[in-house]
Amino acid sequence: MADQHDILKKVISHSKEYGFVFQSSEIYDGLSATYDYGQYGSELKNNIKEFWWKAMVQMHENIVGIDSAIFMHPTVWKASGHVDAFNDPLIDNKDSKKRYRADVLLEEHVAKIEGKIQKDVNKGAKKFGADFDETEFRATNPNVQRRQAQIDDLNKRMEQAFSGDDLEAIRDLIIDMEIKCPVSGTANWTEVRQFNLMFGTELGSVSGESATIYLRPETAQGIFVNYLNVQKTGRMKLPFGVAQIGKAFRNEIVARQFIFRMREFEQMEMQYFIQPGTQKEWYSYWKEARMAWHNALGFGSDNYRFHDHIKLAHYADAACDIEFNFPMGFKELEGIHSRTDFDLNAHQEFSGKNLTYFDPEKNERFVPYVIETSIGLDRVFLAVLAASYKEEELNDGTSRVVLRIPPPLAPIKAAIFPLTKKDGLPDKAREIMRLLQFDHSCQYEEKDSIGKRYRRQDAIGTPFCITVDHETLENDTVTIRERDTMQQERVSISKLPELLGESVGMKKLLNFSTTVSK
RNA sequence: GCGAGUGUAGCUCAGGGGUAGAGCAUCACCUUGCCAAGGUGAGGGUCGUGAGUUCGAAUCUCAUCACUCGCUCCA
């Protein structure tokens, strides 16, 4: 376990060395927590997308996909709660290095003063016994009045400061109140900073006429605002799902750990619209179905676990994560949320449009409930890489680095080598390449010794290496070498398409869905 | 954002005031021909960037950028 961290480092440098992930804008020293996917990375990423899309959309009659715009009407984010919930003024104590929400610090201070008042009231009650009149005591006791005035003043100033987004005034308040850090006990505070987790940009080219719009912090809202369009044009009946893969943007305070937490990331989300009252049933169905999807990759069920949320987000009545055993420990890979009718209700209210679903069987209208499955594509990518990366000691004393990527996800499905550069072997190999590349991404290589070429393909996770030798010219057979076992088999060229198709086809992964009940 | 650490060739690193090194990788040619590291040769670095000190800075100082690890939150 001590070298778990080293594994992450190795995966990162392997990713760069073999063209999976590069730091963004690297020639300009990079851009913090932004990464680009390289020639093999983009293939792997596309294959993961395909696996998800097919498992969710193609394999479910009642789930369809959309591709909504990243830009959305600003009111969408008011309705969703993101404008309010993603706007925290934060302040750091320089001595303890602890970070606090400025508004929480002030509110706690108010509560503290109120506690003191209550203490005085209790004292008074004890002193005066049965004759005690709390209202009168509060109105007349000088201590209480002084403190109450303090609270009133503070509340007033807080309201002014927060409504005007006056960060300096908020800091002044904290200083004036002599609020101290509970950990260090000092009042050595930094500036108050506003961390808006949404990226804003300007829509409209004429200055002064533009409006601030946000880059979406989640793809889900694009589904919610289109739910009725899809339901009506697709003649969808409850329960039905709408899936989407797309970029989302969050201005994370701390974005790190390679591609695990980025400011620009890609989500694969599916919103499942259901009858109110059936959410428990569907929530547990999707928990099981999504876990089955992960397990289909074959990395071992020990590497996955559920983590139920105790404290729920403002929109959920149940929520859990599927966590994966990353090199840096178990971390969230996917979230499954029972979102109730919160989002659709909110959009109904803010838009003034009727978003109810008409149930012809029951002859009634209602706003559907929603179960959401939301998975981080970049995180699955990292999980696949981390779980696939193996350094192996071989029997002959040598070692190799191999990516045991599930074959349907592998960036390159087959590499074709002429054993030598002579005797027409390259031409024959090119011929096989042309035969296979209609269906699979293939690579042709004739440089270096055959062993070197095998190892290079191991390092990018290519499941099969096909070698053309002198016997090929005689009887049209080649050797095909399997990545994980390194075993070779002699097969005829005409068998290759079928053999590859079975092993690297997405069908192999998608078969899992039959194992989930309902 | 704050604190600590790191930054020299594609990768891993050495050099700690006197003008740039090794191994691997890359490229060319030769050799071998089914599991990496055979021979010969070549290319590649304004030492993260910018200032300062100095006759002279990769080396000392400051700033800045990026990365790694902690502190919050999430996909």
Side-chain angles (χ1 to χ4, degrees), chain A residues 5 8-9 12-14 16-19 23-34 85-86 88 90-101 183 188-195 197 217-220 247-269 309 313 321-323 328 331-337 372-380 382 394-401 417-423 425 447-459 465 467-471 478-479 481 483 486-488 490:
Chain A
H5 177 240
L8 181 62
K9 272 190 178 166
I12 292 170
S13 53
H14 192 86
K16 188 193 167 185
E17 192 174 352
Y18 288 93
Q23 179 163 34
S24 162
S25 319
E26 196 185 12
I27 61 168
Y28 292 104
D29 280 336
L31 182 64
S32 180
T34 313
F86 273 17
D88 300 332
L90 300 178
I91 191 166
D92 293 341
N93 183 275
K94 289 179 184 169
D95 298 311
S96 65
K97 314 292 176 211
K98 288 282 174 193
R99 166 163 299 156
Y100 301 92
R101 274 178 55 178
V183 176
N188 191 8
W189 298 107
T190 62
E191 299 297 298
V192 175
R193 289 177 305 264
Q194 188 83 11
F195 286 95
L197 264 60
E218 63 173 22
T219 53
K247 293 265 180 141
F249 304 84
R250 289 185 198 173
N251 204 358
E252 297 286 345
I253 308 161
V254 175
R256 244 189 261 144
Q257 261 158 345
F258 195 40
I259 54 172
F260 184 79
R261 182 177 292 109
M262 297 191 286
R263 298 204 165 93
E264 173 180 341
F265 61 103
E266 200 152 2
Q267 291 183 308
M268 304 191 287
E269 291 197 313
H309 286 199
D321 302 329
I322 293 176
E323 295 184 333
M328 59 279 190
K331 299 267 187 181
E332 182 183 358
L333 190 59
E334 170 156 14
I336 297 156
H337 297 225
E372 165 187 280
T373 73
S374 173
I375 176 168
L377 173 55
D378 311 275
R379 290 184 176 183
V380 178
L382 181 58
L394 302 177
N395 292 332
D396 62 2
T398 61
S399 63
R400 67 165 184 165
V401 172
F417 308 146
L419 187 58
T420 77
K421 272 185 269 191
K422 295 179 294 199
D423 307 329
L425 298 187
K447 266 198 72 64
D448 296 314
S449 73
I450 193 76
K452 255 189 184 176
R453 285 178 269 171
Y454 286 148
R455 299 297 168 90
R456 266 205 294 268
Q457 295 299 328
D458 287 342
C465 292
T467 301
V468 171
D469 56 18
H470 291 89
E471 197 183 328
V478 291
T479 60
R481 171 215 187 243
R483 178 193 65 201
M486 296 170 69
Q487 297 294 312
Q488 280 176 275
R490 187 142 209 120

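Quick note on labels: first sequence line is chain A, next is B, and so on, each numbered from 1. Given the structure is predicted, the values throughout are model-derived calculations rather than measurements.
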So, taking the atom named CG in A:L425 and the one named CG in A:L419, what distance separates them when rounded to the nearest 0.5 Å?
7.0 Å
Ignoring the backbone of A:R456, work out which of B:rU72, B:rC34, B:rU26 is nearest its side chain.
B:rU26
Applying a 4.0 Å non-hydrogen cut-off, can you work out what A:K447 is touching in the nucleic acid: base, sugar-phosphate, or nothing?
sugar-phosphate
For nucleotides B:rC13 and B:rG17, find the distance between their C1' atoms and express it as a whole number of Å.
22 Å
Closest approach of A:T373 and A:E334, non-hydrogen atoms and distance?
CB-OE2, 3.5 Å
With side-chain contact (heavy atoms from CB on, under 4.5 Å) as the test, would you mind laying out the steps for A:R481 and A:M486 before giving the verdict?
CA-CA 6 Å; A:R481 171 215 187 243; A:M486 296 170 69; 3.5 Å; yes
To the nearest 0.5 Å, what is the distance between CZ (A:R455) and SG (A:C465)?
11.5 Å
Rounded to whole Å, how long is the line connecting atom CZ of A:R261 with atom P of B:rG70?
11 Å
A:D378 atom CG is separated from B:rC74 atom C1', nearest whole Å, by 13 Å
Could you work out the separation of B:rG23 and B:rG38 based on their P atoms and round it to a whole Å?
13 Å
Under the 3.5 angstrom rule, does the side chain of A:R250 hit a backbone N or O of A:P217 as a donor-acceptor pair?
yes
Between B:rG44 and B:rA22 - P atom distance, rounded Å:
14 Å
Rounded distance [0.5 Å steps], OG1 in A:T34 versus CD1 in A:I259:
12.5 Å
Can you check the distance between B:rU49 and B:rA57, where both ends of the measurement are the C1' atom (answer in whole Å)?
15 Å
Could you work out the separation of B:rC69 and B:rU32 based on their C1' atoms and round it to a whole Å?
48 Å
Residue whose closest nucleotide on RNA chain B lies nearer the 5' end, A:G451 versus A:L377:
A:G451
If you apply the rule side-chain contact (heavy atoms from CB on, under 4.5 Å), what do you find for A:L333 with A:V380, and how did you get there?
CA-CA 7 Å; A:L333 190 59; A:V380 178; 4.1 Å; yes
B:rA25 to B:rA66 separation - C1' atoms, rounded to the nearest Å
24 Å
Identify each atom pair where a protein N or O and an N or O of nucleotides 37-42 of chain B are less than 3.5 Å apart, giving names and distance.
none

Would you classify A:E269 as touching base, sugar-phosphate or nothing, given that sugar-phosphate means primed atoms plus P, OP1 and OP2, and contacts are heavy atoms under 4.0 Å?
nothing
Nearest whole Å is fine: how far is B:rC29 C1' from A:K422 NZ?
14 Å
CD1 of A:I450 versus C1' of B:rC34: gap in Å, rounded?
6 Å
Could one point to a donor on the side chain of A:R481 or the base of B:rC34 with an acceptor on the other under 3.5 Å away?
no
Mind checking A:D458 for me? I need base, sugar-phosphate or nothing, with any heavy atom below 4.0 Å counting as a touch.
nothing
Is the NZ or CZ atom of A:R379 positioned over A:F260's six-membered ring, under 6.0 angstrom from the centre and within 45° of the axis?
yes
Side-chain (A:D378) to main-chain (A:E266) donor-acceptor, under 3.5 angstrom:
yes
Any donor-acceptor pair under 3.5 Å from A:D469 side chain to A:E471 backbone:
yes
Rounded distance (Å) that lies between atom C1' of B:rC73 and atom CZ of A:F260:
11 Å
The nucleotide from B:rC35, B:rA75, B:rC34 with an atom nearest the side chain of A:L419 is B:rC34
N/O contacts under 3.5 Å, protein versus nucleotides 8-11 of chain B?
residue : atom : partner : partner atom : Å
B:rC11  : OP1  : A:K16   : NZ           : 2.8

Between A:I12 and A:E266, which has a closest nucleotide on RNA chain B that is more 5'?
A:I12
I'd like to know if the side chain of A:R263 reaches the main chain of A:F249, judged simply by a donor and an acceptor atom lying under 3.5 Å from each other, with no hydrogens or angles considered.
no
C1' atoms of B:rA9 and B:rA20, separation to the nearest Å:
10 Å
Quick one: the side chain of A:R250 and the base of B:rC74, do they pair up donor-acceptor inside 3.5 Å?
no
Looking at every strand, decide which applies to A:L333 at a 4.0 Å heavy-atom threshold: base, sugar-phosphate, or nothing.
sugar-phosphate
Might you work through the side-chain contact (heavy atoms from CB on, under 4.5 Å) test for A:M328 and A:L382, ending with a clear yes or no?
CA-CA 11 Å; A:M328 59 279 190; A:L382 181 58; 4.1 Å; yes
Check whether A:Q267 reaches the backbone of A:T219 with its side chain - one donor and one acceptor, N or O, closer than 3.5 Å.
yes
What pattern of brackets, bars and dots sums up RNA chain B from 5' to 3', given Watson-Crick or G-U wobble pairs under 3.5 Å, [ ] for crossing pairs and | for another strand?
((((((((.[[[[.)..(..]]]].(((((.......))))).....[[[[[..)....]]]]])))))))....
Establish whether the base of B:rC74 is bridged to the side chain of A:D321 by a donor-acceptor pair shorter than 3.5 Å.
no
Please answer whether the main-chain N or O of A:A220 pairs with a side-chain N or O of A:E269 as donor and acceptor at a distance below 3.5 Å.
yes
Report the distance from atom CZ of A:R400 to atom P of B:rC24, rounded to the nearest whole Å.
23 Å
Can you check whether A:Q23 has a side-chain N or O nearer than 4.0 Å to OP1 or OP2 of B:rA66?
no
For the base of B:rA36, is there a side-chain donor-acceptor partner from A:R453 under 3.5 Å away?
no
Euclidean distance for P, B:rC60 against B:rC47 (whole angstrom):
15 Å
Confirm from the modelled atom types if A:R379 and B:rC74 form a donor-acceptor pair under 3.5 Å, side chain to base only.
yes
Ignoring hydrogens and angles, tell me if any N or O in the side chain of A:R400 forms a donor-acceptor pair with the backbone of A:A459 under 3.5 Å.
no
Would you call B:rG21 syn or anti, using the 90° rule around 0?
anti
Using a 4.0 Å heavy-atom cut-off, does A:S374 contact any base of the nucleic acid, only the sugar-phosphate backbone, or nothing at all?
sugar-phosphate
Pi stacking test for A:Y454 and B:rA36: under 5.5 Å apart, planes under 30°
no
Can you tell me the distance, in whole Å, between the CG atom of A:D448 and the C1' atom of B:rC29?
14 Å
Nucleotide B:rG33, atom P - distance to CG of A:L425 in whole Å
13 Å
